[in-house]
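In what follows, chains are A, B, ... by sequence order, proteins preceding strands, each numbered from 1. Small disclaimer: the values here were computed from a predicted structure and weren't measured.
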Amino acid sequence: MLSALTLLIGFQLLGTLLVDLTQLPVPAAVVGLVLLLALGAWSPKLVRRVQPAADPLLKHLQLLFVPPGVAVLTQVPTILDAAAPLALAVLGSFTGALVIAGVVLQKLLQRRPRP
Amino acid sequence: MSALSHASIQTLGPTLIDTLSHTPGFGLALTLAAYLAASQLHHRLGRPALLSPVLVTMIAVSVVLDVLGISYQEYLSSVSILALLLGPATVALALPLLHSAPALLSDRLAVAVTLLLTGAVSLAITVAALTAFGADDALVLTTLPRSVTTPVALTLGESIGANTTLAVVLTLISGILGATIGPWLLDRAHVSDPRARGFALGVTSHGIGTSRALTESTVTGGWSSAAMVLNALTMTVALPLLARAFH
């Protein structure tokens, strides 16, 4: 568990290093994700080694959003000020994207056997 | 209301409650306890999407902080370890993608076309709706990372200059929409292929949608988590470019 967590943090730090060196406008943790993706595809052993920390982190991912979510109380005025445009933007783009993704992918996968 | 209840608790046992609630570990203990209780409740009631544990925990914690008169800053320093864990948790998102890699690679063209088309439609509707209402640029920037999984949305929001708190709230709302009306909307659109259903849920409503997709089937869940990660990667590249137009 601890070695797995250390590995995951190591990938994040490697990401930080790369972002700093290349000045790419990308979150360091996402670069770490891509690095783990590349190395994990090449070495299944690495995937098994990070699993003891990755599984509980992914299982309780939602717990990590509680602190920023609690700050919602401080945002009530902003939300109420812009309630109509926000609702339209969120509901509209959600519905549009969901239906288009589902219909288009189903159409494109039509000839492929269903698993 | 807050001042009133604060005062009444003060008369009950001012020193004890004050000491306890201002202990550095209090916020963390409160968050963990509320999350565990909310998860139990969610499980017992048959996983209703509206009672998503993260939503219930947020509300419970906010109420307790308000009643005890603990500032958000003090709470934040108590739960800083949770913010720290977001980094390795984001890195860990590579695993679901690796698991579904064989299926995705065999249909890579279909996946890539759907991903790019969906991203473009989602961003276009968002920008169009907000500019039609004359919303300011700051609000547009805040709404952009909405469909991205929260750990990535947070860092991405920071880097493009969004109001990250509001961005996280909008992300949560999108997730809950996906878990509540998502499957119903897909039924109306006659989308029955489990791969397409999963992908649509993951690309629009990330982790919360994915946990809903998992209740349909493992195929739906696998395609949903893959879509969530692929969408996060696409948006990480696309949003900073789009954000330049609103600075």
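Interface remark: A:Leu58 contributes side-chain atoms only to the contact with chain B (heavy atom separation under 4.5 Å). When heavy atoms are compared at a cutoff of 4.5 Å, B:Val127 does not approach chain A at all. Heavy atoms of B:Val237 lying under 4.5 Å from chain A are absent altogether. Using a 4.5 Å cut-off between heavy atoms, B:Leu65 contacts chain A through its side chain alone, with no backbone atom that close. Interface remark: B:Leu95 contributes side-chain atoms only to the contact with chain A (heavy atom separation under 4.5 Å). Neither the backbone nor the side chain of A:Val31 comes within less than 4.5 Å of any heavy atom in chain B. With a threshold of 4.5 angstrom between heavy atoms, A:Leu61 approaches chain B through side-chain atoms but not through N, CA, C or O. If you measure heavy-atom distances from B:Leu85 to chain A, the contacts under 4.5 Å come from both the backbone and the side chain. Looking at B:Ala101, neither its backbone nor its side chain comes within 4.5 Å of chain A, counting heavy atoms on both sides. Heavy atoms of B:Ser205 lying under 4.5 Å from chain A belong exclusively to its side chain. Only the side chain of B:His99 comes within contact range of chain A, with heavy atoms under 4.5 Å apart. Proximity to chain A involves both the backbone and the side chain of B:Thr126, based on heavy atoms less than 4.5 angstrom apart. At a 4.5 Å heavy-atom cutoff, the contact between B:Leu156 and chain A is made by backbone and side-chain atoms alike.
If you tally non-hydrogen atom pairs under 4.5 Å between each of A:Leu35, A:Val47, A:Val30 and chain B, the highest count goes to A:Val30. Per-residue heavy-atom pair counts under 4.5 Å with chain B were compared for A:Ile100, A:Val66, A:Val103, and the maximum is reached by A:Val66. Between chain B and the options A:Leu36, A:Ile9, A:Leu63, the largest number of non-hydrogen pairs under 4.5 Å is found for A:Leu63.
For a heavy-atom cut-off of 4.5 Å, chain B lies close to A:Ala84, A:Pro85, A:Leu86, A:Leu88, A:Ala89, A:Val90, A:Leu91, A:Gly92, A:Ser93 in residues 84-93 of chain A.
Side-chain N or O atoms of A:Gln106 include one that pairs as donor or acceptor with a backbone N or O of B:His190 at under 3.5 Å. For the pair B:Tyr35 (side chain) and A:Gln62 (backbone), a donor-acceptor distance under 3.5 Å is absent.
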